[in-house]
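Read the structure below first, then the notes.
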Protein chains: 2
Amino acid sequence: MPYALGTLTSDMLQLTKRTEYGLIALVHMVDQAGTFVSAREISEHYAVPRRLLAEVLKDLCRGSLVSSQRGAAGGYTLSRDAEAITVGDVVEALEGAPTLAGCESTTTAGEPTSGDCDLEPQCPIRSPLHRLRESIWRQMQATSLVALTAPPTPMVQPRLPDLSENAAS
Amino acid sequence: MPYALGTLTSDMLQLTKRTEYGLIALVHMVDQAGTFVSAREISEHYAVPRRLLAEVLKDLCRGSLVSSQRGAAGGYTLSRDAEAITVGDVVEALEGAPTLAGCESTTTAGEPTSGDCDLEPQCPIRSPLHRLRESIWRQMQATSLVALTAPPTPMVQPRLPDLSENAAS
DNA sequence: GGCATAAGGCACTGATTTGGTGCTATTTCA
DNA sequence: TGAAATAGCACCAAATCAGTGCCTTATGCC
Ligand code: SF4
Ligand code: SF4
């Protein structure tokens with residue numbers, strides 16, 4: 001069956017393994033708040049490669065999401081409240097602030113960062129795409145670790161805001 | 001200045017060049033609705049690699065987003081109304097339906113597709129992440145070509161729905 | 001002190017994806 | 001017939017990603 005359209009999966013929304021491992025570790029640490037959890041403990045608990053997880057935790061430490069303690073009985077612990085750590089923070093710490101198009105690489109400060117694409121003046125999709133990216137990014141910033149720890153959540157998906165001004169649903 | 005956190009850009013929300021080129025071509029075709037536009041014309045207009053654009057247009061044709069006409073004076077044209085073509089459609093045609101985590105590769109039909117990750121039973125972040133992905137994907141499905149063609153759009157970004165049930169902003 | 005156990009640093013490999021090109025065949029219009 | 005267009009497909013180079021090796025440094029405990 002050639003050309004099975006719809007069965008392929010894009011990775012454009014795919015979290016990297018690093019981010020997944022980071023999220024798993026952070027969620028695990030929410031329960032153990034106040035204590036230092038070692039990378040070994042987490043890696044054995046979730047069957048995650050130990051060395052890779054250590055690398056991820058290190059980056060989370062650089063991003064000030066966790067604090068580390070060296071030596072025996074050392075490990076990592078959340079450096080702030082679980083509600084103050086969002087998926088966006090994790091992605092930003094492990095992959096950098098995301099962009100939808102190459103013409104703008106928004107930092108946390110929101111600099112324009114003119115862009116490396118040379119068809120900007122002619123490009124017709126630039127501005128609306130940025131709006132879409134902003135919206136998505138905002139959702140990641142609005143999803144905190146506590147939202148990830150609440151498993152059942154029998155919530156109904158609310159109506160999405162429409163990004164265009166003329167589609168009235 | 002080592003470790004310039006916040007300046008790196010993640011590509012997790014980055015459209016591929018193929019998708020970008022596809023969107024540009026489609027938006028261009030919105031204006032020329034009814035006529036067949038050649039890949040050469042678009043590539044010269046926007047300084048996009050001709051051969052690559054042709055490849056993209058071909059995939060869009062496979063995805064039934066555009067119709068093609070061969071031979072001299074041939075080209076491509078939208079196969080349906082611009083409002084009926086969404087960013088999600090384009091992404092799906094050019095990259096496949098997206099997934100946030102590797103444990104589920106949702107097709108358009110929405111099959112479960114059990115998953116290739118072996119830490120699903122233990123994984124604490126699975127369900128909420130899927131909710132996030134759904135929400136993002138929904139936004140892409142809600143953004144049509146006409147939304148991309150409306151340049152000024154002095155619209156205020158509406159409040160986002162909160163994905164967690166306990167964060168009351 | 002000495003040792004086990006922790007994180008920190010960094011370079012490195014292998015597999016995959018992505019952007020892009022070459023070449024040929026086929027279709028259409030003049 | 002020939003130019004111009006799509007269709008198909010293989011191929012390449014660069015970038016990214018998952019994962020590992022190896023060493024250094026720090027801490028707790030005997
Ligand atoms: S200017 Fe247009 S083509 Fe260039 S990176 Fe931005 S959105 Fe993409
Ligand atoms: S089960 Fe968890 S770790 Fe595995 S792919 Fe799904 S979200 Fe990622």
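Every chain is numbered from 1, with letters handed out A, B, ... down the list of sequences. All of these numbers come straight from a predicted model, not from anything done at the bench.
For A:Gln32, there are no side-chain hydrogen bond (donor to acceptor under 3.5 Å, both in side chains) partners, not counting sequence neighbours. Every salt bridge (charged side-chain N to carboxylate O under 4.0 Å, His left out) that B:Arg80 has, sequence neighbours left out, goes to B:Asp89. By the side chain to side chain contact (heavy atoms under 4.5 Å, CB included) test, A:Gln69 is found to be paired with A:Phe36, residues two or more places apart in sequence or in another chain being considered. Under the rule for a salt bridge (charged side-chain N to carboxylate O under 4.0 Å, His left out), B:Arg70 has no partner lying at least two apart in sequence or in another chain.
Using modelled atom types and a 3.5 Å distance limit, the side chains of A:Thr86 and A:Gln141 yield a donor-acceptor pair.
Taking 3.5 Å as the limit, the base of D:dG19 and the side chain of A:Lys17 contain no donor-acceptor pair of atoms between them.
D:dT20 atom P lies 14 Å from atom CZ of A:Arg18, rounded to whole Å. If you take CG of B:Asp59 and C1' of D:dA7, they are 11 Å apart, rounded to a whole angstrom. When rounded to the nearest whole Å, the span between CG of B:Leu57 and P of D:dA4 equals 19 Å. Note: CD (A:Gln14) to C1' (C:dT18) measures 16 Å, nearest angstrom. Remark: C1' of D:dC23 and NZ of A:Lys58 are 12 Å apart, rounded to the nearest angstrom. Atom CD of A:Gln69 and atom P of C:dA7 are 10 Å apart (whole Å). Atom C1' of nucleotide D:dT16 and atom CG of A:Leu94 are separated by 15 Å, given to the nearest angstrom. The distance from atom CG of B:Leu52 to atom P of D:dC9 is 17 Å, rounded to the nearest whole Å.
Between A:Trp137 and A:Val91, some side-chain heavy-atom pair lies under the 4.5 Å cut-off.
The side chain of B:Arg62 places an N or O atom within less than 4.0 Å of a non-bridging phosphate oxygen (OP1 or OP2) of D:dG8.
Heavy atoms of B:Glu55 sit under 4.0 angstrom from at least one base atom.
For the segment residues 31-42 of chain B, residues with any heavy atom less than 4.0 angstrom from an atom of DNA chain D are, sorted by number, B:Ser38, B:Ala39, B:Arg40. Of the residues in residues 70-80 of chain B, those lying under 4.0 Å from DNA chain D by heavy-atom distance are B:Arg70, B:Gly71, B:Ala72, B:Gly75, B:Tyr76.
Every pair tested for salt bridge (charged side-chain N to carboxylate O under 4.0 Å, His left out) that includes a residue from residues 21-32 of chain A fails, sequence neighbours excluded, so the list is empty.
You'll find that the side chain of B:Cys61 is closest to D:dA7, out of C:dT21, D:dA7, D:dT20. Proximity note for A:Thr16 (side chain, C-beta onward) versus D:dC17, D:dG28, D:dG19: the nearest is D:dC17. Of the candidates C:dT28, D:dG19, C:dT21, D:dG19 carries the atom nearest the A:Tyr21 side chain, counting heavy atoms from C-beta on.
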N/O donor-acceptor pairs under 3.5 Å from side chains in residues 71-79 of chain B, not counting sequence neighbours:
from    : atom 1 : to      : atom 2 : distance (Å)
B:Thr77 : OG1    : B:Thr35 : O      : 3.1
B:Ser79 : OG     : B:Ser64 : O      : 2.7
B:Ser79 : OG     : B:Leu65 : O      : 2.9

Verdict with supporting geometry, A:Leu26 and A:Leu60, side chain to side chain contact (heavy atoms under 4.5 Å, CB included): CA-CA 9 Å; A:Leu26 287 170; A:Leu60 289 179; 4.0 Å; yes

